[in-house]
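First the proteins, then the strands, lettered A, B, ... as listed; each starts at 1.
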Amino acid sequence: MPPFADGLTKASPKGGNVFSLSSKKKRASEKEKPKPLKGILKKPAQQPPQNSPSAEEAKPLSNRERKRQERAKAWAAKIAEREAAEAAASPKKAAGEQMTDIEFLQRKRARQEAGSGGGNANQKKRRKEESFPLLDGAPAPRVFSPNSTSATESNDPGVNPMFLNKGKEKGATGNPGASQNSRADSARAAMPPPPKPVGPPQVHSAQLRRHALELEKSRQKLPIYPHADTLRQCLRDRHVLVMMGETGSGKSTQIGQFLVDEPWRAGRCIAITQPRKVAAVNLARRVAAEMGVRLGEEVGYNVRFDNRSSDKTIIKFLTDGMLLQEMLADPKLKRYSCVVVDEAHERTVGTDLVMGFLRKLVYGERRGSLKVVIMSATMEVKTMARFFEENRGEGVIIPGLMPEASKEESTPEAKEEESTPEFKEESVGSETRPTPPETDKKAKRKKKKKKKNKGGIDTMKLIRSPSPIPERIKTPEPTSAAGFEAERSGGKMFFPYFGTVALLIVPGRQYPVESLHAAAPVQDYIDISFRTVFQIHCTHPMPGDILVFLTGQDEIENLKKTILEHAAALTKEMPQMHVLPLYAALPFAQQNKVFLPAPQKNMRKVILCTNIAETSVTVPGVRYVVDCGKAKLKQFRPKLGLESLLVTPISQSSALQRRGRAGREGPGKCWHLYTEDAFNELAQVTKPEILRTDVSNAILILKARGHDDVVNFDYLSPPKLESLQKALEQLYSLGALGNDGKITPLGKKMAKLPLAPPLARVLLAAADKDMNCLPEVVDVVAALSVDNLLPPPPSEELREQMEEARQRFRRAEGDHIMLLELVRSFDSSGEKLKGWCEAHFVSHYAMKTFIDIRAQLRTYCSSLLSSTTWDSAAAETISPDLAERVLKAFLKGFFHQTARAGPEGRLGEYLTVLGHQNVNVHPASILFGKRKEAIVYHEYVFTTKPFARWCSAVQLDWVAEASPGWVKGEV
DNA sequence: TTGTGGTGT
C-alpha cells in the first residue's frame with residue numbers, strides 16, 4: 001500500500017480527493033468552450049485534432065487574383081523607384097546638391113531601359129543578381145507553395161480571417177478526414193509538380209530536393225498552411241502583421257517560406273528572431289530541409305559563436321540579441337525587407353527592444369520598405385496590436401477581440417508599492433510617457449536629493465537629454481480596396497485590420513488537456529506534489545510520463561530523493577518509476593536523459609523540472625503535468641540597485657503553458673496545486689523582463705543605436721523612472737555617458753562588447769597604458785562570464801579531493817587572480833580539455849564556453865590594441881604587481897561593488913562602501929574566513945544572508961583612485 | 001560555512 005493514499009484523504013478538508021475535478025474540460029485553444037467531463041480514464045473517442053479549414057474552393061485565376069498580382073507588381077516598382085532615388089540621390093547629397101525631379105526621372109528611365117524590357121525590369125535584374133535558382137524568372141513560381149492559387153481570400157466577404165478557426169471546430173477537435181477530403185486539398189494534389197529550378201549551376205543535390213518533397217506532405221498538414229494567402233494579403237495591405245499562432249500551428253517554420261516570393265521582398269533577406277539559440281538553429285535546419293536547400297545558403301542562422309548565413313541567405317533565423325548587435329552597424333536594418341519577431345509574448349528584454357526599434361523604423365525611416373511580423377500567444381495579442389498601430393489603436397476597435405477595451409481596464413490592482421503601474425495594459429498604448437505636474441514635482445524632488453547626496457550628477461538632466469519630436473504621419477492608404485471597404489463598413493464585415501496593423505489568429509494543434517485544481521489552498525506544495533505523483537502513477541494508465549514543475553534545484557533534488565525512497569515500496573505489479581531532474585545547471589548528459597524513453601518497458605518517467613521545461617525544453621512522452629503554481633523570478637529593486645531571485649506565483653499564461661505540456665502527444669491532464677479561485681487571481685501574463693531587471697545594459701544598447709531620449713523610447717512596457725535613473729547613473733559613473741547624457745566614445749566601445757557594462761569597462765581599463773594587463777583581464781572576465789565553472793563536489797567524500805586539486809590555483813589576492821591562475825594552469829598544461837577539467841573538478845561544459853567567450857573577446861580587443869600577444873604560455877608569471885594591476889582594472893568597473901572590513905572580531909563581515917550595507921564573503925570564496933582591509937566583489941546575492949561572491953582583496957586608496965569624483969568622498 | 005529560475009551579445 002503506497003503511503004500516499006492515506007495522506008491524500010487527510011489533506012482534503014472534505015475527506016475526499018485533494019482535487020476537485022474541474023467541471024471544465026478545457027482545450028488549450030478554446031478555453032471558452034466547456035465540455036462535459038467524461039470518465040478520467042476513458043479514452044476520448046476522438047482522433048488527433050487538426051485544425052484544418054473547411055473546404056476551400058480552388059478557383060482559376062480570378063479577376064481579384066489578377067488585380068492582386070498587378071498590385072504586387074506595382075508595389076515592387078514603387079520600391080525599386082524609391083531605391084533608385086536613394087541610390088541616385090546619395091552621392092549628390094554628399095556633395096551638397098539637390099537632385100531635381102527631372103534628373104530623377106531621367107535616371108529612372110535609364111535604369112528601365114537597361115533592363116530587358118517592361119516596367120518590371122528592376123525587379124528582374126535584382127532577381128538575377130541574387131542567383132537564387134528557385135526564384136529566377138517572372139512571374140516567380142511558388143515552388144514550395146503549391147496551394148498558391150487556392151482561394152483563401154482575406155477580402156472574400158463572409159469569411160472572417162481573424163478567427164480562422166471559427167466555424168471549423170469540428171475539424172479542430174479532431175476530424176482530420178473532413179479536411180483531407182476537402183476539394184481544396186484534392187485540387188492541391190492535382191496540381192502539377194513544382195517546376196524544376198532553372199538558372200545557375202545546380203548546387204542543390206537531388207537528394208535534398210527529394211527530401212523536401214517528402215516533407216511537403218507534413219507541411220501541408222500544418223494548421224497554418226491553408227492560410228498562406230491570407231497571410232500574404234495581410235502583408236501586402238499593411239506593413240505590420242500581428243499574428244497569434246498557437247503551439248503547433250507551424251508558424252515559425254512556414255512564415256518565411258510563405259513570404260519568400262512576395263514582390264516587396266525586393267531581393268532582401270527575411271529575418272526571423274528567436275529568444276533562444278537552439279530554436280534559431282533548429283528552425284533553420286528544418287526550413288532548409290523543407291526548401292531543399294543547404295543550410296547556410298538560402299536558409300541560414302546566426303547566433304553567438306555560430307554563424308551559418310551568407311550573402312545568399314534569404315531566410316535567416318537569429319537570436320534577438322544578435323539582431324540588436326547587427327543594428328549597431330546597420331541601425332536601419334537595410335539588409336532586411338522583413339523582420340519577424342517570434343515568441344514575442346515571452347517579453348525578453350531583447351525582444352522588447354527589437355520591437356521598439358521596429359515600430360520606429362516601420363513608421364519612420366523605413367516606411368514603406370519594411371515589413372514587420374509579430375508572432376505571439378493569445379494573451380498578448382491586444383498589447384502588441386495596440387503598440388504597433390500607428391496611433392496606438394486610438395479610435396480603432398478590433399472586432400470581436402476587444403469590444404470593450406475601456407471597461408476591462410478598470411480591474412483593481414493589488415499592492416501599490418510592488419506593482420508597477422506602468423505594467424497595466426492601459427498604459428501600453430500611451431503615446432509618450434505621461435508627465436503630469438505631480439510626476440514632474442516628484443522627479444524634481446529626487447533630483448534635489450541626488451544633488452545633495454552625491455554631489456554633482458544631475459540625473460534628471462541625463463534623463464531629459466535631447467528629445468526628438470516623434471514623427472506623426474497619417475495612416476497610409478490601404479492598397480487593398482477590400483481592406484478599405486472593411487474599415488469603412490465599421491465592423492460589419494470582419495477584416496483582419498486594426499488600423500495600420502493586420503491581425504491574424506491561427507489555430508494550433510494541441511490535444512485537449514483536462515485541468516484539475518486543488519479544492520483547498522495548499523500549504524506545502526512539495527508534499528502535495530509528492531502525493532500527487534504517486535496518485536497519478538497508481539491510477540493512470542501507461543504510457544504517459546509525469547512532468548512536475550517546481551521552483552529550483554534544491555526542491556527538485558529533495559523531492560527526487562523522497563520519491564525514490566517511496567518508489568522502492570511499490571508492488572511488483574505496478575509500473576516502476578524513473579525519476580529524472582531537469583534544470584539548467586544540470587550537466588547536459590543528465591539533461592538529455594529526459595529525451596530518452598525509460599530504460600525498462602514497464603516504467604514511467606517522472607521528470608522534476610524548473611521552468612526550463614515551460615519554454616526551452618520539450619519533454620517527449622508527457623501526458624500528466626503537476627504545476628506547483630510558483631517559479632523563481634528575477635526582481636530588480638532600484639532603490640538598492642540589486643537584483644534578487646524570488647519565489648513568485650506564476651501568471652495565468654504561465655500556468656496555461658505548463659498545462660499545455662501535457663497535450664503535445666495526446667489528450668492529457670494537469671493538476672494545479674492551487675485553487676481555481678487562486679488561478680483566477682493570478683496576473684494574466686508574466687511581468688515583462690524589462691520591468692524586473694537592471695536596465696543599464698538595455699539603456700546602453702539604446703544610446704549606442706542613436707536613441708538619446710531613453711525615457712520616451714517606444715517601450716512596450718516602459719520601465720519605472722527610478723530604474724531608468726539608476727541605469728543612467730551607473731552608465732554615467734562608468735564613463736559611458738557624458739554630462740549631457742549622450743554616449744561617450746568609451747560608451748560606444750563598451751556597447752560593442754558582449755558584456756555587462758561594468759565588465760566592459762574593466763576590459764577597456766585594462767587596455768590603458770598604465771594598466772597594461774589586457775590579456776589577463778580578458779581571461780578573468782571570460783571566466784566570470786560563464787556559469788558554474790567550479791561546481792560543488794559531486795559528493796561529500798570527494799570534497800577533500802576536490803579542494804586538493806584546486807589548491808594550486810589559490811592566491812592570496814582572491815578569486816579574480818585565482819581564476820587567472822586556473823586559466824594559466826590549463827593553458828600551460830597541454831592536456832586535453834576534458835581530462836584536465838575532470839582532474840581539477842572544473843566544469844567541462846563551462847570551460848568550453850569560456851574558451852569561446854575568450855576567443856570572441858580577444859577578437860574584439862585586437863582592434864583596440866595592436867601589439868597584444870594573446871599567447872598565455874609566453875606571458876609573464878602572475879607577479880604581485882601584475883595582480884595589482886588586474887585588480888585595479890576591475891575597480892574601474894566595480895568601484896560600486898566594494899566593501900570595507902566590518903566590526904572587529906567578525907571575520908567574514910564587510911560593509912559596502914556605498915550604502916554601508918552588511919555583506920559576508922561567500923563561503924565558496926578563497927577569501928572566506930580571511931580579514932582584509934577591503935574587498936571588490938563581482939556579485940551580490942541574498943540567500944540565507946547577504947553574500948559577496950567572487951571576492952578579491954583591495955586597498956581603500958585603490959578604490960578611491962578608481963572611482964569617479966562623487967564616489968571618492970564615500971571611500 | 002554555501003549551493004539562485006530561464007535566456008542572450
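Nearest-nucleotide mapping onto DNA chain B: of Thr693(A) and Asn697(A), the residue sitting toward the 5' end is Thr693(A). Positionally, the nearest nucleotide of DNA chain B for Asp554(A) lies more toward the 5' end than for the other of Val617(A) and Asp554(A).
Rounding to whole angstrom units, CG of residue Leu324(A) and P of dG8(B) are separated by 14 Å. Rounded to whole Å, atom C1' of dG5(B) lies 19 Å from atom CZ of Phe636(A). Atoms CD1 (Ile556(A)) and C1' (dG6(B)) sit 12 Å apart, rounded to a whole Å. Atoms CD (Glu326(A)) and P (dT9(B)) sit 12 Å apart, rounded to a whole Å. To the nearest angstrom, C1' of dG8(B) lies 16 Å from CE of Met327(A). Here dT7(B) presents its C1' atom at 17 Å from NZ of Lys632(A), a figure rounded to the nearest Å. Rounded to whole Å, the distance from CG on Leu328(A) to P on dT9(B) is 14 Å. A straight line from CD1 of Ile650(A) to P of dG6(B) spans 16 Å, rounded to a whole angstrom.
At a threshold of 4.0 angstrom between heavy atoms, the contacts of Asn920(A) with the nucleic acid are absent. Heavy atoms of Pro792(A) sit under 4.0 angstrom from at least one base atom. As judged by a 4.0 angstrom heavy-atom cut-off over every strand, Glu689(A) is placed among the base-contacting residues. Counting non-hydrogen atoms under 4.0 angstrom, Arg304(A) reaches a base of the nucleic acid. Residue Gly350(A) is out of contact with every strand shown, counting any heavy-atom pair closer than 4.0 Å. Residue-level contact check: Val303(A) touches the backbone only, with heavy atoms under 4.0 Å from sugar-phosphate atoms and none from bases. Here Phe947(A) lies in heavy-atom contact (under 4.0 Å) with sugar-phosphate atoms only. Nucleic acid contact class of Leu755(A) (heavy atoms, under 4.0 Å, all strands): base.
Contact between the side-chain N/O atoms of Thr319(A) and the OP1/OP2 oxygens of dT9(B) is found at a separation under 4.0 Å.
Among all heavy-atom pairs drawn from Ser723(A) and Phe636(A), the shortest one is OG-CD2, 4.1 Å.
Taking every side-chain heavy atom of Thr610(A) into account, dG5(B) is the closest of dT7(B), dT2(B), dG5(B). Distance from the side chain of Gln325(A) is smallest for dT9(B) among the nucleotides dT7(B), dG5(B), dT9(B).
Using the six-membered ring where Trp is involved, Tyr715(A) and Phe713(A) have ring planes that are perpendicular, over 60° apart on the 30 and 60° scheme.
Residue His938(A) holds its NE2 atom at 9.5 Å from CH2 of Trp950(A), rounded to the nearest 0.5 Å.
Within residues 277-286 of chain A, the residues that place at least one heavy atom under 4.0 Å from DNA chain B are, in residue-number order, Lys277(A).
Counted by atom type alone, Tyr674(A) and Asp627(A) present one or more donor-acceptor pairs between their side chains at under 3.5 Å.
Under a 4.0 Å N-O distance rule, the pair Asp714(A)/Lys360(A) does not qualify as a salt bridge.
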Extract all donor-acceptor atom pairs below 3.5 Å that involve side chains of residues 350-358 of chain A and protein atoms in other chains or at least two apart in sequence.
from, atom 1, to, atom 2, distance (Å)
Thr351(A), OG1, Asp320(A), OD2, 2.9
Thr351(A), OG1, Thr348(A), OG1, 2.4
Asp352(A), OD1, Arg347(A), NE, 2.7
Asp352(A), OD2, Arg347(A), NE, 3.3
Asp352(A), OD2, Arg347(A), NH2, 2.9

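Taking Glu346(A) as the reference, Arg276(A) meet the side-chain hydrogen bond (donor to acceptor under 3.5 Å, both in side chains) condition, with sequence neighbours excluded.
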Test His922(A) against Tyr937(A) for ring pair (Phe, Tyr, Trp, His ring centres under 6.0 Å), laying out the working first. CA-CA 10 Å; His922(A) 195 277; Tyr937(A) 54 90; over 10 Å; no
